[in-house]
Amino acid sequence: MGFRLPRIANTKKADIPKGHFGVYVGESQKKRFVVPISYLNQPSFQDLLSQAEEEFGYHHPMGGITIPCSQDTFLDVTFRLGV
């Protein structure tokens, strides 16, 4: 049994709705998520982006923003932002 978090989706590149952006999340195996642009203003999401900057600088091997944390951590942070 699973559940779906509102406002976060695992989609293909062409399926990004207006007002959202894609990020790759994971430590070894990356998974792509689509999140609202409004998350960029949230301190907890900015912390994740700072981690990405420290690890990758501005070179992201997946071609998009890559966040080097576990998918569980990412989902926990974004779940709290969506409440």
Side-chain angles (χ1 to χ4, degrees):
M1 183 173 134
F3 62 93
R4 189 173 187 153
L5 294 174
R7 302 170 62 195
I8 299 176
N10 181 14
T11 63
K12 296 177 182 175
K13 189 173 187 174
D15 295 336
I16 298 177
K18 185 175 182 176
H20 292 71
F21 65 102
V23 295
Y24 294 94
V25 178
E27 293 165 328
S28 59
Q29 190 169 359
K30 309 288 190 261
K31 187 172 182 180
R32 189 165 179 272
F33 293 90
V34 175
V35 297
I37 289 176
S38 62
Y39 284 9
L40 293 172
N41 293 325
Q42 302 298 323
S44 56
F45 196 80
Q46 290 173 1
D47 290 342
L48 291 177
L49 293 176
S50 292
Q51 288 178 16
E53 181 184 14
E54 288 174 16
E55 182 151 333
F56 298 112
Y58 291 104
H59 171 71
H60 293 274
M62 298 296 292
I65 296 173
T66 305
I67 299 177
C69 69
S70 71
Q71 292 176 18
D72 289 337
T73 299
F74 178 78
L75 290 172
D76 183 54
V77 168
T78 55
F79 177 75
R80 292 173 194 226
L81 293 175
V83 172

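Positions are given from 1 along the sequence.
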Query raised in the report: Which pairs, with at least one residue in residues 68-79 and sequence neighbours excluded, count as a salt bridge (Lys or Arg N to Asp or Glu O under 4.0 Å)?
Result: Asp76-Arg80
Minimum heavy-atom separation for [X] to [Y], with atom names?
X	Y	value
Gln71	Gly26	CG-CA, 4.5 Å
Ile16	His20	CG2-O, 3.5 Å
Leu40	Gln46	O-NE2, 2.8 Å

Quick check: do [X] and [Y] have side-chain heavy atoms less than 4.5 Å from each other?
X	Y	answer
Leu48	Tyr39	no
Val25	Leu75	no
Glu27	Thr73	no

Query raised in the report: Listed by chain and number, what are the side-chain hydrogen bond (donor to acceptor under 3.5 Å, both in side chains) partners of Ser44, not counting sequence neighbours?
Result: none
In Å, rounded to the nearest 0.5 Å, how long is the span from [atom1] of [X] to [atom2] of [Y]?
X	Y	atom1	atom2	value
Glu53	Thr66	CD	OG1	13.5 Å
Ile67	Tyr24	CD1	OH	12.5 Å
Gln42	Thr78	CD	OG1	11.5 Å

Report task. Please identify each residue that fulfils salt bridge (charged side-chain N to carboxylate O under 4.0 Å, His left out) with Asp47, with sequence neighbours left out. Result -> none
Report task. Report the relative orientation of the aromatic rings in Phe21 and Phe45; use parallel for angles under 30°, tilted for 30 to 60°, perpendicular for over 60°. Result -> perpendicular
Requested in this report: Just do the side-chain contact (heavy atoms from CB on, under 4.5 Å) check on Phe74 and Val23 with the steps written out, would you?
Outcome: CA-CA 10 Å; Phe74 178 78; Val23 295; 3.8 Å; yes
